[in-house]
Every structure is written in C-alpha cells, then in structure tokens.
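We name chains A, B, ... by the order of the sequence lines, and we start the count at 1 in each one.
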Amino acid sequence: MKKIVSALLLIVFAFYLITLAGSAFDVFNPPAGIDPARVSNSFIHKNVQGGTDTVVFNESMNLENGSANIATAIVVDYRSFDTLGEVTVLFISALGVGMLLKSGESVALERGFILRAGAKFITPIVMVTGVYIFTHGHLTPGGGFPGGSMIAAASLLYWLGTGEQLTPVKSLKAAESTAGIAYVLVGLTGLVLMGSFLQNFMDTGVIGELFSAGVIPFVYSIIGIKVGSEVSGVLIDSSKMEVVS
Amino acid sequence: MMQIVGLILVAIGLYGLVSTKHVIRMLIALNILELGANIWIISIGYVEGGVAPIYTGEAASVASKFVDPLPQAMVLTAIVIGFGVTALGLAFARRMHMQYGTYDLSEIGGEE
C-alpha cells in the first residue's frame, strides 16, 4: 500500500518535473549548432571583464585568466569563494564523521605476503599520480579534489595492506589545518593587493604552461593537500584495527 | 536525450527515498537522485559535436566547439558536497546501528 501511494505521488511529481523542465528551458530541443549568446561565452574567451582578443594556446599572454582548463578557471578563480565554502563543507562533514565513528571497535584483518608487498609497491605510484593530477589542474581534467582523493586512497591502501600508518594522524591534522589557513591567506593577499577577496594577484603567464594561471596551481595544490590529508585522517582515525599477519 | 535519462534517474531516486525506511537504501537512492540531477545539469550545456572545454595545442577555432563549462563547474561543487553528505549519512547510519541494532527507521521504538 505504502509503495503504491509513493509510486502515485512520484508519477504526479515526475509529470510536473518533465513539463516544467520541457517548457521553461526547452531543454528537450537544444538549439542546433552553437548559440553565440550563451552565458559562458565570456568565460571561454576569457574576457569576463571585457577586453581581450582570441585565445591561442601557448601564445596568448597575460590573459584575464591563464588557465587552459575553463572549468578550473571558473571553479578556482571566478568562483573561488564558492570553492572555499565547498572545502569548508567537506571539512565539517569530515569532522562529523570523525566524531560519530569514534568507537574504538577493532577489526582483525589477516594479510598475506602479496597484499603487504603489493600495497607497499603501489602506494607511491598512486601518491605521485595524485600529486600530478592536482598540480596540473589548470591544464588537464582533474584538480585538487580528485588528486586529494587519490592521495587519501593511497594512504588507506597502505594502511589496510600493511597495518602501519604512513604518517601519524597528528601530522595529517596539522597539514590539513595549515592548508585551510593557506587558502584563506591567499584570499586575503588578493584582498590587500588587488582589492577583492581571492582575486588573482600573480602574473598569469602564457596559457598552457605549468607555471601559469597565477594563483590557480597554488590554490589547487592547497585544496589537494587539504582534501588528501583530511580524508585519509578521517579514514585512519575513525576506527582502529588490529594487525594479524 | 540525456536530459530525459537524468530526469528518470531523479524520479527513481525520489521513489527510493519515499518508499523505504532502510537508511542505507535511502542513502543509495539519494545518490541516484544526485547523479540524475548532475547528468541533467551537465547535459543542458552540451553542444552538437562539442569537445571538453580545455585549450590544447589544436587549432584556435576549437573554442567555438567547447561545451558549456559553467554547468560542469557547478556539478564539480555538487559532487564534492554529495560526497560529504553521503559520508556523514553513512556515519549516522553506523551510529544508529550501534545504538539500536537496526538500519530500519520504523523499527526504532519511541520512548518505552
């Protein structure tokens, strides 16, 4: 009975949703070709504040925003304050998970030789890949959040596979809070030098080079370190395991 | 086409949310709902024959074929928030199981 009622409610809601979405935005019939008036056109051509010419990879210098990846340009430059809030939400949820799961319950795991040796072999590779992903966030798909997740996954793998912690939880917490403070300091530096919180205060360089795009690589590295240390700290801190080898 | 897929996933997620009282299933339904919403938002910004909005060494005219990067940036935020919400929800569910011995909301009695 309950399921029938919820299915009926759902049908009404889905009908409403589909008619609304279909009529308000006409998304079921997207315009053929490219609409020149789309909102993100100014983001793509990097002239949100008006001005610059066509962007050419590896040639254009001192653009308004030097990031080759436009989604990154939006996330950590134009809408960086939003990302600061996002990092805060992640921090608060990590805090909540750590508080709720402080059980002290121990789980016994038996680890064979291949698991131990394999974990030790793979962990550095995954870590370096994670660092690569977050330092190249302005050039390739990726960035601080996936890179940080990879680092956390690597430290969890090491801990599950060998039963030893890669780094003590205390230093993870120190790294995490330092990264959080560094993000706010970058924002305050922008406020002091350029007059607006989290504004880019460095030279944006040539688009497509590793050291370009101003503060974006630094901010994404900060985010990567913060997410990586935060998530691995929660994973290791929230439960305790006994080593049976 | 992908808009309809997204809306169907949202509907499936909503059905899962209202039809069960098992906390883990509700979290799975919430994740399906989020996935549908994200697919819907991203598919709005698709253009015919579009490529990822990243400047590479290709021809300069590639910028006119970029898909809309703005919804992608929004969805990037939404994914991280969804991750945080799911983690916190699972922690709550675990806590609930430790205290009441069940994952089902209807099996938790009120005050005795």
> Atom OH in A:Tyr78, atom CG in A:Asn200: separation rounded to 0.5 Å?
Replying inline: 9.5 Å

> Any side-chain heavy atom of B:Leu105 within less than 4.5 Å of one from B:Met96?
Replying inline: yes

> Quick one: which residues of residues 216-228 of chain A reach chain B at under 4.5 angstrom, heavy atoms only?
Replying inline: A:Tyr220

> Are the side chains of B:Asn31 and B:Leu35 in touch, meaning some heavy atoms are under 4.5 Å apart?
Replying inline: no

>> Donor-acceptor check, side chain of A:Asn69 to backbone of B:Ile54, threshold 3.5 angstrom: yes or no?
In response: no

>> For a quick test of reading the model, state the closest non-hydrogen atom pair linking B:Leu9 to B:Ile32 and the distance between them.
In response: O-CG2, 3.6 Å

> With chain B, which of A:Ser93, A:Gly85, A:Ser149, A:Ala94 has the greatest number of heavy-atom pairs at distances under 4.5 Å?
Replying inline: A:Ser93

>> A:Ser232 vs A:Leu156, test: side-chain contact (heavy atoms from CB on, under 4.5 Å). Steps then yes/no.
In response: CA-CA 6 Å; A:Ser232 41; A:Leu156 179 68; over 6 Å; no

> Can you tell me how far the CG atom of B:Leu76 sits from the CG atom of B:Asn38, to the nearest 0.5 Å?
Replying inline: 10.0 Å

> Which one, B:Ala73, B:Pro71, B:Pro53, leads in non-hydrogen pairs under 4.5 Å with chain A?
Replying inline: B:Pro53

>> Would you say A:Ser80 and A:Tyr183 are linked by a side-chain donor-acceptor pair, where the criterion is simply a distance under 3.5 Å?
In response: yes

> Minimum heavy-atom separation for B:Val10 to B:Gly36, with atom names?
Replying inline: CG2-C, 3.7 Å

>> Looking at A:Ile74, is its backbone amide N or carbonyl O close enough to the side chain of A:Arg79 to form a donor-acceptor pair, meaning the two atoms are under 3.5 Å apart?
In response: no

> In Å and rounded to the nearest 0.5 Å, what is the CD1 to CG distance from A:Ile70 to B:Asp68?
Replying inline: 10.0 Å

> Listed by residue number, which members of residues 14-30 of chain B have a heavy atom under 4.5 Å from any heavy atom of chain A?
Replying inline: B:Leu14, B:Tyr15, B:Val18, B:Ser19, B:Lys21

> Stepwise, does the side-chain contact (heavy atoms from CB on, under 4.5 Å) test hold for A:Ile133 with A:Met150?
Replying inline: CA-CA 9 Å; A:Ile133 284 179; A:Met150 280 186 81; 3.4 Å; yes

>> Could you check whether atom CG of A:Leu8 has more than 12 heavy atoms from other residues, nucleotides or ligands sitting under 6.0 Å from it?
In response: yes

> Between B:Gln72 and B:Val75, is a side-chain contact (heavy atoms from CB on, under 4.5 Å) present by the stated rule, with each step listed?
Replying inline: CA-CA 5 Å; B:Gln72 298 191 354; B:Val75 165; 5.8 Å; no

>> Suppose a student defines contact as a heavy atom less than 4.5 Å from any heavy atom of chain B. Which residues in residues 136-144 of chain A would they list?
In response: A:Leu139, A:Thr140, A:Pro141

>> Which atoms of A:Leu90 are under 4.5 Å from chain B, going by heavy atoms: the side chain, the backbone, both sets, or neither?
In response: side chain

> Which residues in residues 79-89 of chain B have a heavy atom less than 4.5 Å from any heavy atom of chain A?
Replying inline: B:Val80, B:Ile81, B:Phe83, B:Gly84, B:Ala87, B:Leu88

> Among A:Ala68, A:Ala71, A:Ala7, A:Gly96, who wins on heavy-atom pairs under 4.5 Å with chain B?
Replying inline: A:Ala68

>> For the OH atom on B:Tyr103, are there more than 12 heavy atoms of other groups (residues, nucleotides or ligands in this structure) within a distance under 6.0 Å?
In response: yes

> Does the pair A:Ile207 and B:Tyr55 meet the rule for a side-chain contact (heavy atoms from CB on, under 4.5 Å), with working shown?
Replying inline: CA-CA 8 Å; A:Ile207 183 170; B:Tyr55 281 101; 3.9 Å; yes

